[in-house]
Structures are given as structure tokens and as C-alpha cells.
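Sharing a structure with you now.
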Amino acid sequence: MMLIPTHHFRDIERKPEYLQPEKCVPPPYPGPAGTMWFIRDGCGIACAIVTWFLVLYAEFVVLFVMLIPSRDYVYSIINGILFNLLAFLALASHCRAMLTDPGAVPKGNATKEFIESLQLKPGQVVYKCPKCCSIKPDRAHHCSVCKRCIRKMDHHCPWVNNCVGENNQKYFVLFTMYIALISLHALIMVGFHFLHCFEEDWTKCSYFSPPTTVILLILLCFEGLLFLIFTSVMFGTQVHSICTDETGIEQLKKEERRWAKKTKWMNMKAVFGHPFSLGWASPFATPDQGKADPSQYVV
């Protein structure tokens with residue numbers, strides 16, 4: 001599939017028929033401030049449900065097949081606490097990534113009044129999205145699933161049923177990190193459990209029959225290996241994107257860099273918050289994004 005150069009999209013948006021603000025009216029019933037963000041996409045909702053199911057399945061196998069039947073209570077308690085903590089943080093990160101507004105541009109704001117409020121100088125240009133009738137800030141892209149323009153949109157992820165953008169990238173990164181950690185932890189425990197069962201009687205290392213135990217462990221092993229590879233790659237990709245301050249879409253379209261270059265550490269703090277703290281690893285700590293700059297709408 002051929003990629004259309006970025007300037008082609010800009011040319012389309014500059015056509016006269018798309019730059020008539022009098023044809024844009026605000027949505028008739030704008031949602032109140034603080035309304036929960038949730039995308040009503042069937043595929044995304046199904047993927048989110050599958051994600052939770054797979055984590056809960058891993059939880060079931062780890063607890064009821066490996067840890068609770070074990071006679072080593074210290075081993076069971078330590079690994080049980082660690083696995084449940086990581087699983088809780090993974091699901092909490094998933095919820096925050098899914099239910100947080102990723103940075104949606106107000107829909108239908110390409111009105112004459114709003115454009116006049118920008119106090120444009122001669123030669124300054126604003127770009128309008130013909131699909132959602134919004135004035136597009138610099139580095140914003142339209143998502144066909146969310147049906148909105150998203151600031152610093154990296155990509156739309158069906159597994160969190162949301163776009164990954166300016167406001168929720170931290171939670172998506174934490175989600176991939178914690179899923180990778182619980183996958184690795186589960187694989188290590190499966191390996192130890194197989195060794196333990198081979199050395200002792202299979203009927204004593206699980207509450208289930210030997211065939212059922214083997215099937216449950218193999219399925220968990222397959223799930224853990226698959227998600228470890230997938231989320232590790234995704235985590236590395238996201239961290240690289242943050243450090244270079246270039247979103248996935250910008251890399252794919254090879255867009256010309258029009259924003260100031262900052263250090264990798266400043267880019268990390270911009271996503272995870274100021275200053276560096278344990279809050280970086282917490283899905284409950286909301287990073288300070290600062291106030292929107294009106295100048296972001298003009299070039």
C-alpha cells in the first residue's frame with residue numbers, strides 16, 4: 001500500500017470548500033466537563049474484554065494450579081503478592097488508558113468566532129479537519145475510529161479501545177510494561193512448577209488431574225510467551241517514540257519536524273510528569289500536562 005506524502009493531506013485541508021467556517025457549527029449537545037471518555041467500538045470493546053479475560057485466566061492458573069497447592073508457603077506468599085500486585089497495576093493502567101481522553105480536539109470548533117479568537121497575524125495558517133470540522137493543532141491527526149482529531153496521536157489500539165495520544169500515553173506504556181512483567185513472572189513460575197511436578201507425584205502438585213494440570217499450564221505458557229514478546233516490543237517502541245519526541249504516525253508518514261527538539265529526559269518528563277518520582281510507575285498518578293497553548297493551532 002502506497003503512503004501519500006504528508007503535504008498532500010495539508011493541501012486537501014487548504015482547499016476553499018473545506019475552509020468555510022460558517023459551515024461549521026458546534027455539536028448541539030456538548031458533553032459536560034469531566035464526562036468519562038469511552039469509545040463505542042465493537043471491535044475495541046471485544047478486545048478489551050479479551051484482555052481482561054486473559055489476565056484473569058493467568059490469575060486463576062497461578063493461584064489455583066501452582067501457588068495454593070504448593071507446600072512451600074513462603075514461596076507461595078511471595079510470588080502470590082508479587083503477581084497479584086503486577087496484575088492489579090496492569091489492569092488499572094488498562095482502565096486509565098481506555099477511559100482517559102487521549103487529547104481530543106473539541107469537535108466542531110472550526111467556527112468563525114473561534115478562528116477570530118485566535119487573532120491570526122498576516123501569513124499565519126490554521127488547518128481544519130474536514131471530517132470532524134475541528135481546527136487541528138500542530139501534530140494532531142484524525143482517528144477514524146474515535147471520529148475525532150487527537151493531539152500527538154501515536155496510534156489507535158483496539159486492546160485498550162482508545163487512541164494513544166498526548167494525555168494517556170503514560171498509562172499505555174505502563175500497561176505494556178506490567179503485562180510484560182506478569183507474563184515473564186508467570187513463565188518463570190510455570191518452569192519451576194513443571195520441574196517440581198516431574199520430581200514428585202503429579203497428583204500431589206495440583207488440585208486438578210495431571211492431564212488438566214498440563215493443559216492449563218501449557219495454555220498459560222503459550223499466553224505468557226505471546227504477550228511477553230508483543231508487549232515488550234510495544235513497550236520498547238513507545239519508549240523510543242517518547243525519547244525521540246516523534247509519534248508512530250509521524251514516523252510512518254515521515255512528517256517534517258516543525259517542533260523544538262528537546263532532550264530525552266525532558267521528553268520523558270513531559271509524558272510521565274514533573275519531577276521524577278514513584279508516581280511515574282503508578283497508573284493513579286496523573287501527569288501534569290499544563291494548559292493548552294492557543295499558538296498550537298497556527299503555523
Next on the checklist: Please evaluate residues His94 and Trp159 with respect to the criterion side chain to side chain donor-acceptor pair (under 3.5 Å), reporting the C-alpha separation (whole Å), side-chain torsions for both, the decisive distance (0.1 Å), and the verdict.
Outcome noted: CA-CA 9 Å; His94 183 271; Trp159 296 105; over 6 Å; no
Can you tell me how far the NZ atom of Lys261 sits from the CE atom of Met266, to the nearest 0.5 Å?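 Reported value, rounded in 0.5 Å steps: 13.0 Å.
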List the atom of His156, the atom of Met153, and the distance in Å for their closest heavy-atom pair.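 Smallest heavy-atom distance, with atoms named: N-CE, 4.0 Å.
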Q.
Testing Ile78, Ile77, Asn79 one by one against Ile81 for a side chain to side chain contact (heavy atoms under 4.5 Å, CB included), which residue passes?
A.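 The single option meeting the side chain to side chain contact (heavy atoms under 4.5 Å, CB included) with Ile81 is Ile77.
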Is there a donor-acceptor pair closer than 3.5 Å between any side-chain N or O of Asn168 and the backbone N or O of Tyr171?
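Judged by distance alone, no pair lies under 3.5 Å.
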Hey, can you tell me if Phe227 and Phe230 have their rings parallel, tilted or perpendicular (30° and 60° cut-offs)?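 Plane angle over 60°, so perpendicular.
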Within a reach of under 6.0 Å around CZ of Phe60, are more than 12 heavy atoms found that belong to other residues, nucleotides or ligands?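 Count over threshold, so yes.
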Report task. Decide side chain to side chain contact (heavy atoms under 4.5 Å, CB included) for Lys147 and Cys132; before the verdict, give the C-alpha distance in whole Å, the side-chain angles of both, and the deciding distance to 0.1 Å. Result -> CA-CA 7 Å; Lys147 296 179 174 59; Cys132 59; over 6 Å; no
| field | Gap separating the CZ atom of Phe208 from the OG1 atom of Thr213, nearest 0.5 angstrom | value |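 Atom-to-atom, Phe208:CZ and Thr213:OG1 are 7.0 Å apart.
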So for atom CG, which belongs to Leu278, do other residues, nucleotides or ligands contribute more than 12 heavy atoms lying within a distance under 6.0 Å?
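Not buried by this count: 12 neighbours or fewer within 6.0 Å.
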ask   = What do you reckon, is NE2 of His274 surrounded by more than 12 foreign heavy atoms closer than 6.0 Å?
value =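 It does: His274 NE2 has more than 12 such atoms within range.
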Side chains of Gln169 and Ile242, heavy atoms from C-beta outward: is any pair under 4.5 Å?
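Contact flag for Gln169/Ile242 side chains = yes.
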Check your understanding: Does Phe284 CZ have over 12 foreign heavy atoms under 6.0 Å away?
Key ->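 Buried by this count: over 12 neighbours within 6.0 Å.
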- prompt: Quick one: does Leu216's side chain get under 4.5 Å of Phe64's, heavy atoms only?
  reply: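 No; the side chains remain at least 4.5 Å from each other.
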* Determine, using the 4.5 Å side-chain heavy-atom cutoff (strictly less than), whether Trp280 and Val271 are members of one ILVMFWY cluster. =>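 Same cluster: Trp280 reaches Val271 through Ile, Leu, Val, Met, Phe, Trp or Tyr contacts under 4.5 Å.
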Notebook entry, point to check: Closest approach of Ile150 and Cys163, non-hydrogen atoms and distance?
Noted result: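 The answer is CG1-SG, 4.0 Å.
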- prompt: Minimum heavy-atom separation for Lys170 to Ala285, with atom names?
  reply: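 Residues Lys170 and Ala285, closest heavy atoms: NZ-O, 2.5 Å.
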*asked:* Treating Thr100 as the side-chain partner and Ala97 as the backbone partner, does any N or O pair qualify as donor plus acceptor under 3.5 Å?
replied: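 Absent.
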Quiz item: Is the backbone N or O of Thr247 less than 3.5 Å from a side-chain atom of Glu250, with the two atoms forming a donor-acceptor pair by type?
Solution: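 Looks like yes, one N/O pair under 3.5 Å.
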Exercise. To the nearest 0.5 Å, tell me how far Ser282 OG sits from Leu174 CG.
Key: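 One gets 8.0 Å once the value is rounded to the nearest 0.5 Å.
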- Are Phe83 and Ile188 linked, directly or through other ILVMFWY residues, by side chains that come within less than 4.5 angstrom of each other?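 Same cluster: Phe83 reaches Ile188 through Ile, Leu, Val, Met, Phe, Trp or Tyr contacts under 4.5 Å.
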Side-chain heavy-atom pair Ile179, Ser183 within 4.5 angstrom cut-off:
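Yes - at least one pair of side-chain heavy atoms lies under 4.5 Å apart.
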Task: Gap separating the CG atom of Leu187 from the CG atom of Leu217, nearest 0.5 angstrom - done: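 Leu187 atom CG to Leu217 atom CG measures 11.0 Å (nearest 0.5 Å).
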Item to complete: Apply the test ring-ring contact (aromatic ring centres under 6.0 Å, His included) to residues His196 and Tyr75: give CA-CA distance (whole Å), side-chain angles for both, the deciding distance (0.1 Å), then the verdict.
Response: CA-CA 13 Å; His196 172 69; Tyr75 171 86; 8.8 Å; no
Requested in this report: Can you see which heavy atom on Cys243 is nearest to which on Met268, and at what distance?
Outcome: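 Looks like SG-SD, 4.1 Å.
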Whether Asp245 and Arg139 form a salt bridge (side-chain N of Lys/Arg under 4.0 Å from carboxylate O of Asp/Glu) is what I want to check.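 Yes, Arg139 and Asp245 are salt-bridged.
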Please check if atom CZ in Phe88 has more than 12 non-hydrogen atoms from other residues, nucleotides or ligands closer than 6.0 Å.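 Counting other residues, nucleotides and ligands, CZ of Phe88 stays at 12 neighbours or fewer.
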Between Tyr178 and His185, is the ring centroid distance below 6.0 Å?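 Ring-ring flag for Tyr178/His185: false, centres at least 6.0 Å apart.
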Note to self: Are Leu54 and Ile215 connected into the same hydrophobic cluster when the rule is that any two of I, L, V, M, F, W, Y join if their side-chain heavy atoms are below 4.5 Å apart?
What the structure shows: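 Linked within one cluster.
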_Walk me through whether Gln238 and Asp154 qualify under side chain to side chain contact (heavy atoms under 4.5 Å, CB included)._
CA-CA 9 Å; Gln238 286 295 301; Asp154 187 88; 3.0 Å; yes
**OP:** Test Cys157 against Asn162 for side chain to side chain contact (heavy atoms under 4.5 Å, CB included), laying out the working first.
**Re:** CA-CA 6 Å; Cys157 178; Asn162 201 359; over 6 Å; no
Contact check, side chains of Met234 and Met177, non-hydrogen atoms, under 4.5 Å: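 The answer is no; the side chains never approach within 4.5 Å.
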Requested in this report: Grab the two heavy atoms, one from Pro69 and one from Leu63, that are nearest each other, plus how far apart they are.
Outcome: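 In this case the closest contact between Pro69 and Leu63 is CD-O, 3.8 Å.
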Flag the pair Phe194 / Cys221 as yes when at least one side-chain heavy-atom distance between them is below 4.5 Å, and no otherwise.
->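 Of all side-chain heavy-atom pairs linking Cys221 with Phe194, none is under 4.5 Å.
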Contact summary for Leu220 and Val62, nearest pair of heavy atoms: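 Between these two residues, the closest heavy atoms are CD2-CG2, 4.2 Å.
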Arg96 side chain to Pro283 main-chain N or O, any donor-acceptor pair under 3.5 Å?
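Side chain of Arg96 to backbone of Pro283, a donor-acceptor pair under 3.5 Å: yes, one is there.
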| query | Is a side-chain N or O of Asn161 found less than 3.5 angstrom from the main chain of Ile39, in a donor-acceptor match? | reply |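 It does hold such a pair.
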| Ion pair check, Glu166 and Lys152, cut-off under 4.0 Å |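 Lys152 and Glu166: not salt-bridged.
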Problem set entry | Ser70 side-chain N/O to Met66 backbone N/O, donor-acceptor pair under 3.5 Å |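 Not a single qualifying donor-acceptor pair exists.
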Parallel, tilted or perpendicular: ring planes of Trp265 versus Phe276, cut at 30 and 60 degrees =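 Correct class here is tilted.
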Counting only N and O atoms by type, is there a donor-acceptor contact under 3.5 Å from the side chain of Tyr127 to the main-chain atoms of Asp138?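 Flag not set: sc Tyr127 to bb Asp138 has no pair under 3.5 Å.
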Got a donor-acceptor contact below 3.5 angstrom from the Ser93 side chain to the Leu89 backbone?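 Flag set: sc Ser93 to bb Leu89 pair under 3.5 Å.
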Check your understanding: Looking at NZ of Lys107 and SG of Cys146, how far apart are the two atoms once the value is rounded to the nearest 0.5 Å?
Key ->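 Going from the NZ atom of Lys107 to the SG atom of Cys146 covers 10.5 Å.
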Q.
For the backbone of Glu246 and the side chain of Ser241, can you confirm whether one donor and one acceptor N or O come within less than 3.5 Å of each other?
A.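 Yes, Ser241 side chain to Glu246 backbone: donor-acceptor pair under 3.5 Å.
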N/O donor-acceptor pair under 3.5 Å between Arg148 side chain and Val105 backbone =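 Yes.
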Between Leu91 and Val173, is there a shared hydrophobic cluster once you connect ILVMFWY residues whose side-chain heavy atoms come closer than 4.5 Å?
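Yes; Val173 is reachable from Leu91 via cluster members.
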- Quick one: pull up NE2 in His155 and SG in Cys143 and give me the separation to the nearest 0.5 Å.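 His155 NE2 to Cys143 SG: 10.5 Å, rounded to 0.5 Å.
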**Prompt:** Would you say the side chain of Leu226 lies within less than 4.5 Å of the side chain of Glu223, judging by non-hydrogen atoms?
**Reply:**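 Contact flag for Glu223/Leu226 side chains = no.
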*Are side-chain heavy atoms of Cys149 and His141 found at a separation under 4.5 Å?*
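Answer no - side chains too far apart.
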Report yes or no: do Phe175 and Val50 belong to one cluster of Ile/Leu/Val/Met/Phe/Trp/Tyr joined by side chain heavy-atom distances under 4.5 Å?
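In one cluster: yes.
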